[in-house]
Amino acid sequence: MDQGVIDYIANVFDIPKLTQHVSVVQMPLPLSRLAEIPLDSGVNQCQGFCYNSKKDVFVLACINSENTKQIIYEISPTTFKVVAKYEYSHKKLLGHMNTLTYNPNNNRYYTTNAVVDGYIVTPIEADSMIVEAPIRLKEKVFNFAFDKDRNEYVSIVPLTNSHRTINYYDSNFNKIKTYKIDAEHTDLNNNGAYAGNGNTIFTTLTTFVFVDEEGGCEKY
């Protein structure tokens with residue numbers, strides 16, 4: 001889930017401030033409804049999720065176990081119905097589609113291959129849905145997010161079981177800075193990527209991890 005999804009929920013549904021328990025905060029259409037979306041045959045894993053503010057759709061990326069088939073679904077945020085879908089067979093370019101983020105400045109999605117080639121980020125033009133040439137980074141890239149407040153990209157890389165490397169890139173994919181944090185976890189599992197105003201949030205299987213713009217880390 002990227003920053004656009006969070007912004008959409010907060011702005012459109014006017015979620016109250018969390019001064020009460022989360023269980024009593026009601027959304028008109030909870031994100032758990034995503035589980036009701038029927039996946040096409042041949043895909044069995046949901047990997048990336050973001051919000052396209054230009055099209056006003058949620059975007060869900062799904063793959064098969066072999067990373068040889070990818071389907072991107074566009075979903076109405078008010079009805080949770082699939083309004084469009086796009087099928088691909090790009091193992092080298094899209095592969096595992098480990099996270100999906102949207103940059104409204106250039107109208108492109110970005111996803112990481114992660115499995116077949118751990119050093120590439122692949123852009124997809126969001127109107128034509130054409131997969132473009134991948135961007136090769138010097139460092140491995142896994143979970144990926146766009147910070148629209150800073151016009152920067154953030155990469156979260158589990159290079160060891162317990163530590164995560166957080167790399168920050170400018171709009172031209174030049175690395176700006178990097179932090180190494182202790183995620184207090186016992187394997188490489190890493191989920192999600194949220195980036196806003198220099199802050200980054202991701203999860204392990206057991207922990208929410210918050211990293212501020214100076215590399216300070218809190219875990220919940």
Side-chain angles (χ1 to χ4, degrees), residues 1-6 43-50 59-68 70 72 88 90-103 108-124 131-147 150 152-196 198-213 215 217 219:
M1 180 183 302
D2 78 340
Q3 181 184 1
V5 177
I6 302 296
V43 293
N44 58 1
Q45 300 177 36
C46 297
Q47 290 295 108
F49 186 56
C50 66
V59 187
L60 179 67
C62 299
I63 66 167
N64 65 0
S65 301
E66 294 76 31
N67 306 298
T68 56
Q70 301 86 17
I72 295 178
Y88 305 93
H90 288 320
K91 185 172 184 177
K92 290 186 177 180
L93 294 181
L94 298 178
H96 205 57
M97 293 201 79
N98 202 78
T99 67
L100 188 69
T101 192
Y102 176 66
N103 181 343
R108 277 165 175 75
Y109 303 116
Y110 291 90
T111 188
T112 68
N113 187 304
V115 173
V116 180
D117 189 336
Y119 291 86
I120 65 171
V121 175
T122 302
I124 303 171
V131 177
E132 299 179 335
I135 299 158
R136 180 167 294 277
L137 303 180
K138 295 179 180 179
E139 305 82 20
K140 283 191 173 182
V141 55
F142 198 73
N143 293 88
F144 200 68
F146 177 68
D147 185 338
R150 300 290 183 94
E152 296 175 357
Y153 299 96
V154 181
S155 169
I156 305 164
V157 191
L159 294 178
T160 69
N161 282 352
S162 61
H163 287 81
R164 302 293 184 265
T165 299
I166 317 295
N167 294 316
Y168 300 80
Y169 301 88
D170 66 16
S171 58
N172 294 314
F173 293 93
N174 300 304
K175 189 168 74 169
I176 303 169
K177 60 183 178 181
T178 186
Y179 296 123
K180 185 177 180 180
I181 64 165
D182 186 349
E184 294 182 2
H185 197 50
T186 56
D187 63 35
L188 295 174
N189 199 285
N190 213 63
N191 295 291
Y194 169 87
N199 301 309
T200 305
I201 299 174
F202 65 94
T203 68
T204 66
L205 289 179
T206 59
T207 311
F208 282 92
V209 183
F210 172 87
V211 183
D212 65 27
E213 60 184 328
C217 179
K219 308 171 194 71

Check the surroundings of atom [atom1] in [X]: do more than 12 heavy atoms from other residues, nucleotides or ligands lie under 6.0 Å from it?
X: K177; atom1: NZ; answer: yes
X: F210; atom1: CZ; answer: yes
X: K92; atom1: NZ; answer: no
X: K140; atom1: NZ; answer: no

How many angstroms lie between [atom1] in [X] and [atom2] in [Y], if you round to the nearest 0.5 Å?
X: L137; Y: T112; atom1: CG; atom2: OG1; value: 10.0 Å
X: Q47; Y: T99; atom1: CD; atom2: OG1; value: 9.0 Å
X: E132; Y: L93; atom1: CD; atom2: CG; value: 11.0 Å
X: Y168; Y: K175; atom1: OH; atom2: NZ; value: 12.0 Å

Give me the atom names and distance for the closest heavy-atom approach of [X] to [Y].
X: G198; Y: R150; answer: N-CG, 3.7 Å
X: G215; Y: I181; answer: O-CG2, 4.1 Å
X: N161; Y: T186; answer: ND2-O, 3.3 Å
X: V141; Y: S155; answer: CG2-OG, 3.4 Å
X: A193; Y: N143; answer: CB-CB, 4.1 Å
X: K138; Y: Y119; answer: O-CE2, 3.6 Å

Report task. Could you please spell out the steps behind the side-chain hydrogen bond (donor to acceptor under 3.5 Å, both in side chains) verdict for H90 and Q70? Result -> CA-CA 7 Å; H90 288 320; Q70 301 86 17; 6.0 Å; no
[Y] side chain reached by [X] side chain, heavy atoms, under 4.5 Å:
X: C217; Y: D182; result: no
X: H96; Y: I63; result: yes
X: Y109; Y: V59; result: yes
X: E139; Y: Y169; result: yes
X: R164; Y: F202; result: yes
X: L100; Y: T111; result: yes

Query - Y179 side chain to D212 backbone, donor-acceptor under 3.5 Å - result: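 It does not hold such a pair.
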Requested in this report: Identify, with sequence neighbours excluded, every residue that meets side chain to side chain contact (heavy atoms under 4.5 Å, CB included) alongside I120.
Outcome: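 So I120 forms a side chain to side chain contact (heavy atoms under 4.5 Å, CB included) with N113, D117, T122, P134, R136.
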Query raised in the report: Name the one of N167, N103, N172 that satisfies side chain to side chain donor-acceptor pair (under 3.5 Å) with Y153?
Result: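 With Y153 as partner, side chain to side chain donor-acceptor pair (under 3.5 Å) holds for just one option, N103.
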Query - F146/Y110 aromatic ring centres below 6.0 Å - result: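 For F146 and Y110, the ring centres are not under 6.0 Å apart.
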Report task. Please name the residue in the list I201, V209, T200 that meets the side chain to side chain contact (heavy atoms under 4.5 Å, CB included) test with I156. Result ->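 Passing option: T200.
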**Report entry** side-chain contact (heavy atoms from CB on, under 4.5 Å) evaluation trace for F144 with V121
**Finding:** CA-CA 9 Å; F144 200 68; V121 175; 3.9 Å; yes
